[in-house]
There are 2 protein chains.
Amino acid sequence: MSVTIKEVAALAGVSPSTVSRTCKDHPSISRQTKEKVRRAMDQLGYEPNFQASSLATQNSRTIGIILPPSERETYENAFYLEAVRGISILCNQRQYINTVITGKDESELLQVIKTTVRNGLAEGFIVLYSREQDPVVNYLYEEGLLYVLVGKAFRNANQTIYVDNDNVLAGREAAQYLISLGHRKIGYLSGDHSLLYTGDRKSGYMLALAENNIPFRPEYCVETSFLSGAENPGLRDLLKQPDRPTAFVASDDILASYLEQLCVGMNITVPEELSVISFNNSLFARMAKPPLTSIDINSFQLGSEAAAQMISHIENPNLLATKTIVPHYIVKRGSCIERAETENE
Amino acid sequence: MSVTIKEVAALAGVSPSTVSRTCKDHPSISRQTKEKVRRAMDQLGYEPNFQASSLATQNSRTIGIILPPSERETYENAFYLEAVRGISILCNQRQYINTVITGKDESELLQVIKTTVRNGLAEGFIVLYSREQDPVVNYLYEEGLLYVLVGKAFRNANQTIYVDNDNVLAGREAAQYLISLGHRKIGYLSGDHSLLYTGDRKSGYMLALAENNIPFRPEYCVETSFLSGAENPGLRDLLKQPDRPTAFVASDDILASYLEQLCVGMNITVPEELSVISFNNSLFARMAKPPLTSIDINSFQLGSEAAAQMISHIENPNLLATKTIVPHYIVKRGSCIERAETENE
DNA sequence: CATATAAAAGCAACCGTTTGCATTAAAATG
DNA sequence: CATTTTAATGCAAACGGTTGCTTTTATATG
């Protein structure tokens with residue numbers, strides 16, 4: 001079929017092992033020989049056989065990408081595909097294979113992961129979400145499997161490799177930005193709190209308040225899960241109050257966009273009466289009315305860094321667990337303005 | 001490391017080849033022997049080694065998933081991730097591996113595909129987009145590689161395996177629905193026309209008009225590429241006209257959502273003054289104000305059917321190219337109502 | 001100059017399955 | 001009962017690299 005190492009060896013007049021070692025640039029092959037071999041490889045158009053080398057080295061060069069168990073909404077978040085793209089770009093470059101793993105619920109997902117492991121279908125896993133008490137991560141940890149977490153490690157932080165944004169800092173900057181615009185009454189709107197980034201961003205928000213001597217008001221923090229249909233009245237109630245926030249940090253563009261729409265219905269103008277800042281810088285941010293000032297978290301890079309970590313740990317198993325922080329940046333649009341002066345302060 | 005076929009053979013008191021044939025349920029092994037072997041496999045917890053069998057059968061059991069070359073917007077479309085999930089679920093079930101392939105532009109993408117092919121990293125490819133004159137598809141076709149297209153085949157339709165919606169029908173039903181609500185002046189709003197589904201949906205729209213003896217008015221059809229920033233004035237101009245459409249078919253939720261926003265700015269109420277129907281049933285449809293009536297195209301199933309086709313063609317190479325049509329369904333929300341009676345008809 | 005040492009290349013076993021062909025055992029046939 | 005046919009199993013050579021160890025060759029040492 002295609003050209004093998006033996007044919008190259010024959011043409012170059014050396015043994016197959018010499019060809020193999022030349023490919024890896026093994027030091028015990030002389031420069032002259034290497035050049036001779038490389039010429040032969042070029043001439044024949046040699047490409048190493050992935051399967052054969054996987055078998056010989058007992059290394060599948062395959063990375064499993066674990067998506068969260070499906071609840072349809074989650075996937076509307078462009079984050080996942082961007083991260084997958086980041087991973088795949090790196091895999092493509094380094095001649096790795098990536099295989100996405102998904103399941104309709106947690107137990108199916110776990111099942112698939114187990115058979116993937118048993119069949120040696122993946123060398124390691126990149127987990128694209130992080131939440132408290134996740135059975136998948138627990139399994140990977142307990143089995144001593146190689147994995148990297150995109151997001152924050154809930155426990156065993158020192159033993160797990162993870163790639164994340166500095167969500168505390170991001171939350172702090174978001175709130176600080178609003179504060180710098182003169183806002184004092186700032187709310188925090190979040191979705192599913194089991195996803196860890198939510199909490200981090202909130203911590204950052206609280207930190208910024210504290211740094212500016214603004215008392216934290218728990219009644220300004222609402223958690224809504226409108227995506228799953230269950231509209232909770234908390235947010236609406238809060239907006240009705242005369243003492244409502246003049247600005248909001250929303251943990252996500254989709255939520256922020258929802259907030260803006262709610263405001264329209266309640267005759268609250270954004271940004272004049274309410275400033276909004278959010279995260280992810282997705283298309284929702286651009287499509288929102290007014291377009292949202294949003295913190296871009298570099299999803300693509302989160303993916304590619306995770307893949308890079310994965311590969312270096314595969315190739316160098318005694319590396320220690322590292323954490324990688326991917327920078328974020330604020331994209332200013334029309335949803336935040338200076339707080340209008342009011343008489344009551 | 002893990003348990004091999006030889007250990008199973010030893011325990012069962014047969015040869016390795018018998019074990020191998022038992023796994024494939026080969027007819028020339030007696031039932032008694034098979035049972036004996038299966039017991040041994042269970043007892044040892046045997047799992048076949050993927051790499052070894054790939055090597056021996058010269059079959060990598062790996063499917064490449066080709067994403068369109070990146071223009072950031074494209075990926076905001078939840079379609080891709082859903083399709084990937086559909087593919088991956090099937091791959092996971094059938095012990096296949098899927099590897100996503102992407103590149104920042106067409107030439108990089110092509111490059112990656114070529115090395116993937118050369119290294120035997122994929123058995124076949126699923127192309128997740130279809131446009132006219134696509135170099136990637138041309139390459140795959142000319143090299144005689146196995147691929148399945150999600151979307152419509154631009155040429156060589158009879159030789160290519162593809163999985164698609166009946167977009168003509170979907171477009172027709174969308175328009176027909178508006179017509180059934182009494183609309184006669186119906187516009188068509190589309191994005192990038194090089195993506196083939198756009199044209200099909202438009203054909204369906206035209207068909208519905210014709211079937212109802214409604215003259216087709218080209219001035220009612222606008223193509224906008226607002227996502228790439230280039231806002232074209234055509235749509236706005238059309239909406240300003242007194243004789244503007246009373247309803248729109250939009251080729252995509254994102255566009256429809258944009259249209260609704262434009263209407264707000266122009267004091268046109270949706271759906272009272274303008275009904276809108278669109279496609280994809282994404283989160284954008286649910287988030288839009290008012291929420292969009294949209295045709296769900298079953299992205300997930302498009303992916304899983306494509307994977308199923310791929311696998312059956314890998315395992316049975318002399319199968320003829322088939323096309324698979326995945327059904328769509330309309331999801332009615334608040335963006336379409338009966339046309340208000342007006343005096344001029 | 002003989003010998004120790006280092007550098008370069010080759011040998012051959014191995015990774016775990018698959019599969020064509022040979023072999024054996026059992027059943028059918030003359 | 002000998003012989004052909006059929007069914008069931010085993011043998012051993014692939015598949016294409018990798019790698020520990022040995023052999024060869026070149027260089028340094030006493």
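Letters go in sequence order (proteins before strands), and every chain restarts at 1.
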(Q) Categorize Leu55(B) for me: base, sugar-phosphate, or nothing, with a 4.0 angstrom heavy-atom threshold over every strand shown. (A) base
Q) Looking only at side-chain N and O atoms, does Gln51(A) come under 4.0 Å of OP1 or OP2 in dG16(C)? A) no
**Q.** From Gln301(B) atom CD to Ile89(B) atom CD1, the distance as rounded to the nearest 0.5 Å
**A.** 13.0 Å
Q. Whole Å only: how far is the CG atom of Asp25(A) from the C1' atom of dA8(C)?
A. 15 Å
Q) Which whole-number value in Å describes the distance from Arg61(A) CZ to dG17(D) P? A) 14 Å
Q. Do the side-chain N or O atoms of Gln58(B) get closer than 4.0 angstrom to the phosphate oxygens (OP1, OP2) of dG16(D)?
A. yes
Q) Can you tell me how far P of dT18(C) sits from CG of Asn59(B), to the nearest Å? A) 11 Å
Q.
With rounding to the nearest 0.5 angstrom, report the CD to CG distance, Glu82(A) to Leu81(B).
A. 11.0 Å
Q | Gap between atoms CD and C1', on Gln32(B) and dT9(D) respectively (whole Å) | A | 13 Å
**Q.** Atom-to-atom span, NE2 of His26(A) to P of dA8(C) - whole angstrom
**A.** 10 Å
Q | Minimal non-hydrogen separation, Tyr46(A) against Ile5(A), with atom names | A | CE1-N, 3.6 Å
Q) Who are the salt bridge (Lys or Arg N to Asp or Glu O under 4.0 Å) partners of Glu108(B), not counting sequence neighbours? A) Lys104(B)
Q.
List the residues meeting salt bridge (Lys or Arg N to Asp or Glu O under 4.0 Å) with Asp25(B), not counting sequence neighbours, and say none if there are none.
A. Lys34(B), Arg38(B)
Q: Could you state the atom-to-atom distance from NZ of Lys6(B) to P of dC15(C) in whole Å?
A: 6 Å
Q. For nucleotides 18-27 of chain D, read 5' to 3', which letter fits each nucleotide if B means a protein heavy atom sits under 4.0 Å from the base, S means only the sugar-phosphate is that close, and - means neither?
A. BBB-------
Listed pairs, N/O of protein and of nucleotides 4-6 of chain D, under 3.5 Å:
none

Q.
Going by the rule side chain to side chain donor-acceptor pair (under 3.5 Å), which residues pair with Asp164(A) if we only count those two or more places apart in sequence or in a different chain?
A. Asn167(A)
Q.
Categorize Glu7(A) for me: base, sugar-phosphate, or nothing, with a 4.0 angstrom heavy-atom threshold over every strand shown.
A. nothing
Q) Should we say atom NZ of Lys323(B) is surrounded by more than 12 heavy atoms from elsewhere, each under 6.0 Å from it? A) no
Q.
Could you tell me how far apart Glu35(B) (CD) and dT9(D) (C1') are, to the nearest whole angstrom?
A. 17 Å
Q) Under 4.0 Å between a side-chain N/O of Thr4(A) and OP1 or OP2 of dG16(D), yes or no? A) no
Q: Check whether any side-chain heavy atom of Val100(B) lies under 4.5 Å from a side-chain heavy atom of Val100(A), and answer yes or no.
A: yes
Q: Would you list the pairs meeting side chain to side chain donor-acceptor pair (under 3.5 Å) in which at least one residue belongs to residues 114-127 of chain B, sequence neighbours left out?
A: Glu47(A)-Arg118(B), Ser60(B)-Glu123(B)
Q. Roughly how far apart are Asn98(B) CG and Asn92(B) CG, rounded to 0.5 Å?
A. 7.0 Å
**Q.** Pairs touching residues 8-18 of chain A that satisfy side chain to side chain donor-acceptor pair (under 3.5 Å), sequence neighbours left out
**A.** Ser15(A)-Ser17(A), Ser15(A)-Thr18(A)
Q.
Using a strict heavy-atom distance below 4.0 Å, which residues from residues 116-125 of chain B are in contact with DNA chain D?
A. none
Q | Terminal axes of the helix from dC1(C)-dG30(D) to dG30(C)-dC1(D) (five pairs each): angle between them, nearest 10 degrees | A | 60°
Q: Hey, could you give me each pair passing side chain to side chain donor-acceptor pair (under 3.5 Å) that has a residue in residues 139-157 of chain B? Not counting sequence neighbours.
A: Asn138(B)-Arg155(B), Tyr141(B)-Asn156(B), Tyr141(B)-Gln159(B), Lys152(B)-Asp200(B)
Q: Could I get the full list of side-chain contact (heavy atoms from CB on, under 4.5 Å) partners for Ser107(A), not counting sequence neighbours?
A: Asp105(A)
Q) Checking all strands, does Ser54(B) fall into the base, sugar-phosphate, or nothing category for heavy-atom contacts under 4.0 angstrom? A) nothing
Q: Rounded to the nearest 0.5 Å, what's the gap from CG on Leu121(A) to CD1 on Ile63(A)? Could you check?
A: 13.5 Å
**Q.** Distance in angstrom units between Asn49(A) CG and dA14(D) P, rounded
**A.** 17 Å
Q: Pick base, sugar-phosphate or nothing for Glu47(B), based on heavy-atom distances below 4.0 Å to the nucleic acid.
A: sugar-phosphate
Q: Any pair with a residue in residues 306-322 of chain B that passes side chain to side chain donor-acceptor pair (under 3.5 Å), sequence neighbours left out, goes on the list, sorted by first then second residue, please.
A: Tyr96(B)-Glu315(B), Gln309(B)-Thr322(B), Gln309(B)-Thr324(B)
